[in-house]
Each structure stands twice: as structure tokens, then as C-alpha cells.
Amino acid sequence: MDDYQTCPKCKTTKYRNPAMVLMVNACGHALCESCVELLFAKGSGACPECKCPLRRNNFRVQLFEDPAVDKEVDIRKRILKEFNKRQEDFPTLREYNDYLEEVETIIFNLVFDIDPTNTNKMIDNYKKENKDITQKNRNRQSQEEMELEELLEAEKAQQSEKANLYVNAELEEKKQKHKAREKLIDELMFSDADAKSIVASHVQATAALAKEQPKAAAQPSSGVVKSSKFSSGIQIGLRGQHTNSFLPIPKQEDLPLYRYTAPVFDYDGPPPPPIEKLGKLNYFANIRAANIAERAGGYTEAMSCCRALQEALGGLFYSPQLTHKTAVLATNSSTQDTDDMETT
Amino acid sequence: MKLNVDGLLVYFPYDYIYPEQFSYMLELKRALDAKGHCLLEMPSGTGKTTTLLSLIVAYMKAHPLDLTKLVYCSRTVPEIEKVMEELRKLMNYYEKEMGMEQNILGLALSSRKNLCINPSVSKEREGKVVDGRCYSLTASFVRARHAADDAVPICEFYEGFDAHGKEFPLPPGVYNLDDLKEYGQMKRWCPYFLARHTITHANIVVYSYHYLLDPKIAEVVSKEISKTSVVVFDEAHNIDNVCIDSMSVKITKRLLDKCSNSITILETTISNMKENDSKRLEKEYKRLVEGLRDATIARETDMALVNPVLPSEILEEAVPGTIRTAEHFVAFLKRVVEYIKTRLRVQHVVQESPAGFLRDIHTKVCIDRKPLRFSAERLASLIRTLEISDLTDFSPLVTVSHFATLVSTYTKGFTIIIEPFEDRAPTVSNPILYFSCLDSSIAIKPVFNRFQTVVITSGTLSPLDMYPKILDFHPVIMTSFTMTLARPCILPMIVSKGNDQVAMSSRYETREDTAVIRNYGNLLVEVAAAVPDGIVCFFTSYLYLETIVSSWYDQGIIDQLQRHKLLFIETQDAAETSLALINYIKACDNGRGAVLLSVARGKVSEGIDFDHHLGRAVLMFGIPYVYTQSRILRARLEYLRDQFQIKENDFLTFDAMRHAAQCLGRCMRGKTDYGIMILADKRFSRADKRSKLPKWIQEHLKDTNCNLSTEECVQICKRWLRQMAQPFSREDQLGISLLTLEQLQSEEMQKKIQQRAQGV
């Protein structure tokens, strides 16, 4: 909106000349600064719009968008300097309100130039009649103003106090931490106790401190908290105050420990000879012995021989009628051996 | 079925009940017995509404003197309709069981926009316009004019109601908005005024939060509700923000320019009236001199403008002399508006207290505190006297008068912030004055004081202990219920790193990191390949969503994603978003599968359900903190710290986690539903964040699922989905998460329920 401000005299706009400043005088008509300098070079002159005589020193920077408001505020300030009775000066609220309306009418008349002679007479009359009260009230603040002042004052005090408090708390915390660390290092350096136990006790101490801290912080608020019980046993107030977070993290269920059980194989055949006895039983006669390179890798001819035997014998007893269970029973005696074989 | 809840006979309109519903009833009954307030959290999809209604109706029937009325506050019109449906089911069941008509009257109330049946008015779309048009047809002076001159249009429906409707109360029954309209059509009565008139003697009233929390509306609508009522705030996880919004004012440059226009209109109207009909102005003046309250207030249709402050704060005395005559008042308004204009001309941000503002306005334009306090009331009176029938043009001026009244009434708990430009566009001058309420307890305090029981409930209220602090009340009951489930139908997981072991986080420092963005993209692509049907993703802000999508585009992730599913994006434009939603639903329905990218705190995250195939997985990319640099938020945090000893970080985390929980809860809408919830941020696994999730989610969040990489996450998803795809029938649930009457009464179950009630 500032861009649309125009000087009525020279038609400069704020857009074309960003440095332009509009000024107003008592009549409420605006002029730009350079026009004022040009027209009022002598110190006084007539307003180009309403031709009323003006003085140059009375020009002020226009504060409001509407110059009429500037004029009104100007008049208002002047009038209120005289008409400064307070509510305390009147016996009833009604009379005070009547007085306020009268003041308002006077200002309104002055602003819009209604009945100037009568209005001025009214002002003069008032001035004569209420000289002492005006004088007295000039140095006295109204109750309302005082209230506001007090509020502002309190606000300021509170703010600085709060700021101090938080800064102090932060500093304190830092100091504590630093102290604790130094203490730990000292202990580690000079004490004979086990380092682990020292560290552990340090961790405990800091945890305890951390717990205490929020309690201390919450102290000022505890004035409002009421915790008691209804006759029905229902608690009033905040539940679970003692715990900081309302919901504990759910606990993992304890599963039973893992235990090893030997697997059971369905072998369905006569037990093959154990791997250690293969050499004695002369099974190696017809197979190639392992060469040096193969032996280096942990391979022996017994392995392939054993596997071939297992393959040959396994499943010999299988018959479709035989139930699964009996097969297990039949081979139960050999499970121990087969186990060994699988693991080798 | 009929239940025995702690000695109270409760009719429950279904054949089966969830165990947590029974526990909920137990707790609620205790609160009603104690005549205290309570805070109850129960997951969405477990039938909160029907549980609440059936217990409270049963209580009203058993103790007709202790409890006379139920006021049920919900957020949106569809939610209000849902409540009415449940209530109808309950009343039908009562009738069937007891074999006679029930003497209970339940009705829904909404704005004129939703209730008007006048053909010329109801075709308007905007709520404010409908209100204004209604006022122009029903205001008492318009009707008086009509009596003299038949050419002046009036509303025949209101006339019908005024002539006959008041003597004949609404017959007992359940009336939702459509029923009211139908009834109004039949009788030719205005349904809106009929509903407002009926509120005083209805047993159950269902309406929006604002009718109780916003002083501007509450004074008009909810004035005559008796103390022996129970008030329920459903979906109340955002209640503190509603309270704050109802007491805050925002003034922009444009609004002030409009104000200047309306002031000119006022001036011309006054001078016209002075010439033609000065009697009325004199009458008004005399009344103000006498300090009489408005005599015409009794006329309900004239209450278009009311005082924005709480009833207890309104000054009960005569209007001060400075603004008694109409011209003086208009000049006064002009000065106020011009003053605010000068304040908006600042170059840097200003923050000051109401007291500072009052002092400044006194020194600059000589305005005292008292006339400011009366400005809203005086403006209402003036507009009524001038018989201005079109109120819509005056709403800016009304806003300013509300601001003047509020700023001079409350010196504590409020702040004034003037920002010359937005943070994001510092070169564009766009001055805004925020008069912001910092204390959510101010607006809700009268509600807590006035009614014997206030129930605050939602699916996500964790951590519960925050709400009593910020709303400043003492609940007698504060409980969170979990969901009993026959199978693990939610799978919450925290994914903290990508396959390349780079940590995923939306922290400010790493949010622009391409590795993080790529990891987010890969996670989405792999999940999209493994999960059938719909997937919903939530980002922390629109800005973040846009930057991520653009870099995904460069990285080719969008192409990979579109191989598996269609892609839809929520935007700030409401129409665009609803179109995207419709197409998303279509894609999910026909089996193509779709991904919806949306924003936490956006429209999608609040109030749109993705049940069953519409949302098989929800991904939360980052923690949805509010924009912490906002000055209003800073001021509020400071106030909370000073007044309620709530640390800034605690509140921010609380706020972020409640929104995250809201987003996650979108995919679970019942016990037969199932969904994956992926929290993709490293910080979620910290105890302070994790412990703030609702209990029903926490219960399923195993320690082993708290620090997963993308690959591990997808493996778990696959296994779990296979498990969930098995057929699932009601028989599987019976006895565990669904009970018949016999099962409920069995000793074992009673013991379990007792334990549950004590455990929390």
C-alpha cells in the first residue's frame, strides 16, 4: 500500500521516489516533504487545499494511512491533556460515562468542524471550572494505567528470573557432570580397587543423580497436585506419578533355554561296520588309496568307503507294510553308531 | 446381549463383545459414579462409539436423576453420522428387548449449511454465505418489515417453526441430519432452529467440538445444557489445538483493507438513518446509557454476532461513554484499524504481550482498555440497530472487534506476534498479526467446571499423562486399553538403516543426503514388491515430500516403483487430493495395487481410513516434528515450560509421536484387518520415542524388530504376510478376542478382565 501514497501537490508517488515522506499539519491534509520545504520556505503559509494558515514547525510525519486519523489523534491528545478526569473523580459510573461522551463529542466536533464557536466556548468553560483537578491529575496515573504498568513490570521480572533460572540450571548440570568425571578419573588413578567396580559404581551414581533431577524440577508444580482416594478406592489426580514415563516398555517373555537332543535317523537296514574297523576288515583292498595331496586336505579312503557301505546297506529292511515306528525301533540300537558317522 | 457391568444392566446391541469393550465399560462406569473426568485410550476399530453409547444410555436409564444428558462431540460430519447410526442400532435393540417405545430423544446438530432446506439458501456452498443469507431472511427486523410489506422476502420454514414448532416437541427417537431435514420438509419447519430448540430437552446430542469449545458458538448453542450431563470428546487427540484455535485471531493486511471498506459502509448507513429514521439510533443510545443489556437478545435468530470471550470474563456494566453514540464508535473503530495498520508496517518480527499492546495503543491513539473490551458487543449492537441484513461483508470488521475484545480481556496466556513476511519467502512483504492463545486450558476450563463428567477418548492418546497437564484438569480415571487379538495382525517395525548400512533419518543434517533419500526409496520399492494391494506412505512435510520425490525421479526409483504399483501423491490442494484418493481406492479395489504418498498432519492422515486392502502397509518416513522455528510454537513452548513445567523437547516429541501414531493407526480398522507399520527413522528406536507410542502398538513392537535393515524388514514382511493370508473366521476369534455372553460370564474371563483393569 505504501507504493500508492501520492503527494496531492506534486503527484509524486512512493513507488517513483522511495525516499518520499508525507507530512501532515493541524488541518489533516498531507504534503510531501519537498513540497513542504518549497511552500513553507518562510516558516508559515496557507494549506494548498483548505487555505488555512499553518506553521512549518507543526508539520509532522504522517503516521497513519488516512491523514484524517492523524489529525484526529493530534486533536485528541491536545484535548485529553485538559480533559483528564478519572473515574475516581465521579460519584457514579453513569456520570463518568456522561463525561466521557461529552469529551468525545468535543473531539468529534473539532475534527469535523461542527459548531466551532460553541465547542470552543465549552472547552474554555471547562478549563476555568476544573483547573485544579486538571493540574492534580496531570501528575497522577489512572488506576487502569497503573494496573498495566504493574503487569508489564511483573512480566519483565518474571522473564529475567526465568532466564536466570534456566541458565543457572544448565551451568549447574555442566558442573556436576564435570565433577563426576574428574572424580572417576581420580579414583581410577589412585584407588587400588578393581577398575570395573569403580566404573560400575560411577554409572550407578550418575543414574541416581539423573533420577533426582526431574524430581527437583517438578517440585514447584507439586503445589497443585492432589492425590487422594475416593471412598470407592479410585485415585484422584495423576496416576503413576512416581514413574516418569507413563508406560513401561513391554518386557520380553522369557523363553526356555535351548537344549540339544540327538536327532533320530530312519536307517532301515543292517548296521554298517564302524569307520575305524574298515581297515582291519580289509575293505580297502579294492579301492584306490588316497594320495598325499588328498591326505593333506584331511581326506582318507575310509570316508568314501564308509559312505559307500552305508549307502549299500541302508534301506535293505524297508518294506511298505512296516510302520514307521517299528523301523525306528529296529534301528534304535544302531543310532549311536550312525550318529558318529554323520559327524565325522 | 444384556451385560452386568459392575451391577449395572447394560443392553449391548451385538451378540458378541470384545473383552476390552467390557473393561472400557467398567472404567467408564467408575468415572460416572465418581462424577469426575476421565481419559480413555482404546485402539480404533474396537467399537469405542457403541461401547460408550450403550453404557451411558444404560446409566441414564438406571440413574435418571444423576445423569440427564449425553453430549457427544465429534470432529466431522461423517463421524457424527456414524455415531447416529450406532445410536439407532442401540435404540432398536432396546425396543426389541423391552418391547416398547423408548422415551429417549437423540439428535445431531450441524451448521446451517448442512441443515438448511430453504431452496434458495441451501444451494449456496460456503458456510458463511449460508449463515448470512439465513440471517437476512429470519432476523427479527426483517420479519417485522415483512409484516408491514409483503414484498420483503422471509423464510417460510422458519415462520412455520416459529408459529407451531415450539409447542410441539420432537417425538422421541433418533434423528440424524437427514432425518431432521425430512421431518422439517414434512412439517414445513426449519430443521436447524428445530434442532437448536430441541437441544435443551434432548437426551443425547451429537455435534461438533466447536459448539462447546468455541466461546463464540457455545454461548449461543450450548448455553442451557444442565450440569448433570456427561460430555464425550471423541477422537480427542487434537483437542488442545482446537481449544487454541478457538481463541486465536489472525489479521492480515487484506483483512484490514476490507475493514476500511466496511467502516465506510457503516458511516454512510448511519448518516442515512439519521436523516430518515433517527428514532432507532436514539433508542439504542438510550438503552446503552441506561446500561441495559440487549432486550432483543431473546430472539434466537438475531444472535449472529456474539462476544468472543468466555462468559465468565464478560464485563457486566454499561458501555463506556466514549463509544456510546454510533458516530463515535465508528470513529473509534477507524482508529483501531488504522493503528493496527501502522503496526503491520514493521520491518522485523515483533513479539509482545497483550499488556504491552494495550499501553502502546493508549500512547499512540489514546484508546483505553475499557472501550476496547466492549468493542465486540458494541459492534453487534450497532449492526443490529442499523438492520444490516447482509453480514458476510462485515466479517473482517467482526474479526478485528473480536481481537480488540480478546486482547483487552486476557493479559495472561496470550501473545501477539507480528511477522512482516513469511519465513520461507522473506522478500515478499506479507505482514500478518497473530493474536495467539498459548494456553489450551483457557477455552476448555468452563467445560470441565460446568459438567460433572467429561470423557476424553481416542485411539491414540499416548502418552496419557500429557493431556491432564496441558488441559489443566484432574482426571479420576486415566486408562489405556490394548486390543486383544487372536492373531498378530499388526506388524510394527523400526527400520533404521538401508542395505548399505547408512542410517536412515529425517534429521535436519542428513535429510538432504542422497544416500538417505536413496535408502528410503529402496525401502519403498522393496516393500511395494512384497506387499499386496495398497501402501500408504507419510512424510514429515509437503516440502520434504516434494524434494524426495524429485530426487527419486532422478535416481530412477519412481520407475522401479511404477513397475509394481501405481503412484498417487497428496498435494495441498483439496480437490486434487480427493481425486488422487478416489483413483487410489479404484486401483486397490481392482487389484492393481497402489502407493499413496502423503503428509503427516495433512488431510489424509486425519480422518481417512485405509481399512483392509486399502492399506496393507503404512510407511512413516521420518519423525513428524512440527516446524520448530515457528514463533507461535516457540512462544507456546516457552509458556508451557514456565506455567506447566513441561520441557520443550518433551512436548515436541509428544506432538510428533501422537501424529505418527495417528498415521500408523490409519491401516488398522478392526480385528479382521491386518497391516504392516514401518517406522523408517533411526530415532524411533530410542526409548523416549518408543515409549510414547500407544500401548496397543508397543505391545507388538518386539525388541528384535527395532533396528532392522531394509532387507531384514522385507524378509519379516514376507513371512508375516504368508501367515496372515491364511483363512480367518469368527470361530478363530471366539473366546480370545471375541466373547459370547457365556464366555464373558465365565469365571476365568472375569478374572482376566479384573486383572486387566487393575494392571493399567
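Within every chain, numbering begins at 1; the chains are lettered A, B, ... in the order of the sequence lines, protein sequences first and strands thereafter. Worth saying up front: this structure is predicted, and the values here are computed from it rather than measured.
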message: Donor-acceptor check, side chain of B:Glu338 to backbone of A:Glu65, threshold 3.5 angstrom: yes or no?
response: yes
Interface moiety of B:Thr325 toward chain A, non-hydrogen atoms closer than 4.5 Å: side chain
field: Contacting region of A:Glu102 [heavy-atom separation from chain B under 4.5 Å]
entry: neither
message: Nearest 0.5 angstrom please: A:Asp74 CG to B:Cys366 SG, how far?
response: 10.0 Å
statement: Contacts satisfying salt bridge (charged side-chain N to carboxylate O under 4.0 Å, His left out) that involve residues 148-163 of chain A (not counting sequence neighbours) are A:Glu149-B:Arg359
- line: When the 4.5 angstrom heavy-atom criterion is applied to B:Gln643 and chain A, the contacting part is side chain
- prompt: B:His328 versus A:Ile107: any side-chain heavy-atom pair under 4.5 Å?
  reply: no
field: Evaluation steps, side chain to side chain contact (heavy atoms under 4.5 Å, CB included), between A:Glu72 and B:Lys334
entry: CA-CA 11 Å; A:Glu72 188 190 336; B:Lys334 203 178 194 174; 5.8 Å; no
task: Verify, without hydrogens or angle tests, whether B:Arg324 (side chain) and A:Leu100 (backbone) share a donor-acceptor contact under 3.5 angstrom.
output: no
- request: Check whether NZ of the Lys or CZ of the Arg B:Arg641 lies under 6.0 Å from the centre of the six-membered ring of A:Tyr166 and within 45 degrees of that ring's axis.
  value: yes
- prompt: Tell me, do A:Phe112 and B:Glu327 make a side-chain contact under 4.5 Å, heavy atoms counted?
  reply: no
message: Is B:Asp650 close to chain A through its backbone or its side chain, or both, or neither, when contacts mean heavy atoms under 4.5 Å?
response: neither
task: Counting only heavy atoms closer than 4.5 Å, note whether A:Leu63 contacts chain B via side chain, backbone, both or neither.
output: both
field: chain A contact via B:Phe357 - which portion, at a heavy-atom distance below 4.5 Å
entry: neither
field: Portion of A:Phe64 that has a non-hydrogen atom of chain B nearer than 4.5 angstrom
entry: both
message: Using 0.5 Å steps for rounding, measure from the CD atom of A:Gln62 to the OG1 atom of B:Thr342.
response: 11.5 Å
